[in-house]
**Student:** 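First the structure, then my questions, so here it is.
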Amino acid sequence: MNLINFYEVMDRKGNIAWGGTSASEAVAWFRRGLDNAIFVSVWDESDSEDPRLVTDKIEVTTLVLATITSEREKTR
């Protein structure tokens, strides 16, 4: 299996603002809006022409916010 994390950032209206495989880019896009939400799903890309969804989208907004807050507190 060739498992790939796929991230999506949605704006407050539920529109996808960004999608891709880079966690750092996902967080950067997430931080652009106050009401953005961030999701992750896992795909098996063993067959590049027929990728298969392994896990449905999971919202990780709370986890990302907690991590950002924790990192800010460490730099103070």
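As a basis for the values below, the full set of heavy atoms in this structure was taken, side chains included, without hydrogen atoms, waters or symmetry mates.
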**Student:** Distance-only check: which donor-acceptor pairs under 3.5 Å involve side-chain atoms of residues 13-28, not counting sequence neighbours?
**Tutor:**
| unit_1 | atom_1 | unit_2 | atom_2 | d |
| --- | --- | --- | --- | --- |
| S22 | OG | S24 | OG | 3.2 |
| S22 | OG | E25 | N | 3.2 |

**Student:** For E45, check side-chain hydrogen bond (donor to acceptor under 3.5 Å, both in side chains) against everything at least two apart and list the hits.
**Tutor:** none
**Student:** Please enumerate all residues that pass salt bridge (Lys or Arg N to Asp or Glu O under 4.0 Å) together with R52, with sequence neighbours excluded.
**Tutor:**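 For R52 the salt bridge (Lys or Arg N to Asp or Glu O under 4.0 Å) partners, ignoring immediate neighbours, are D50.
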**Student:** Under 4.5 Å between side-chain heavy atoms, counting indirect links through other Ile/Leu/Val/Met/Phe/Trp/Tyr residues: same cluster for W29 and I58 or not?
**Tutor:**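 Linked, W29 and I58 end up in one cluster.
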**Student:** Measure the spacing between OG1 of T61 and CZ of F39 and express it to the nearest 0.5 Å.
**Tutor:**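 T61 atom OG1 to F39 atom CZ measures 5.5 Å (nearest 0.5 Å).
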**Student:** Using side-chain heavy atoms (C-beta onward) and a distance below 4.5 Å, is L65 in contact with F30?
**Tutor:**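 Touching, per the 4.5 Å side-chain cut-off.
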**Student:** Quick one: pull up CG in L34 and CG in D11 and give me the separation to the nearest 0.5 Å.
**Tutor:**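 The distance works out to 12.0 Å.
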**Student:** With sequence neighbours excluded, what pairs up with D35 under the side-chain contact (heavy atoms from CB on, under 4.5 Å) test?
**Tutor:**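 Here the qualifying residues are R12.
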**Student:** By side-chain contact (heavy atoms from CB on, under 4.5 Å), which residues pair with D56, not counting sequence neighbours?
**Tutor:** L53
**Student:** Decide if atom CZ of R32 counts as having more than 12 heavy atoms of other residues, nucleotides or ligands within a radius under 6.0 Å.
**Tutor:**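 Yes, the 6.0 Å shell around CZ holds more than 12 heavy atoms from other groups.
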**Student:** If you group Ile, Leu, Val, Met, Phe, Trp and Tyr whenever their side-chain heavy atoms sit less than 4.5 Å apart, what else falls in with L3?
**Tutor:**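 L3 clusters with M1, V42, V54.
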**Student:** Give me the atom names and distance for the closest heavy-atom approach of Y7 to V40.
**Tutor:** CE2-CG2, 3.5 Å
**Student:** Can you name the nearest heavy-atom pair linking N2 to D44, along with the distance?
**Tutor:**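 For N2 and D44, the tightest heavy-atom pair comes out as N-OD1, 3.1 Å.
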**Student:** Is there a path of hydrophobic side-chain contacts, each under 4.5 Å between heavy atoms of I/L/V/M/F/W/Y residues, joining I68 to V9?
**Tutor:** yes
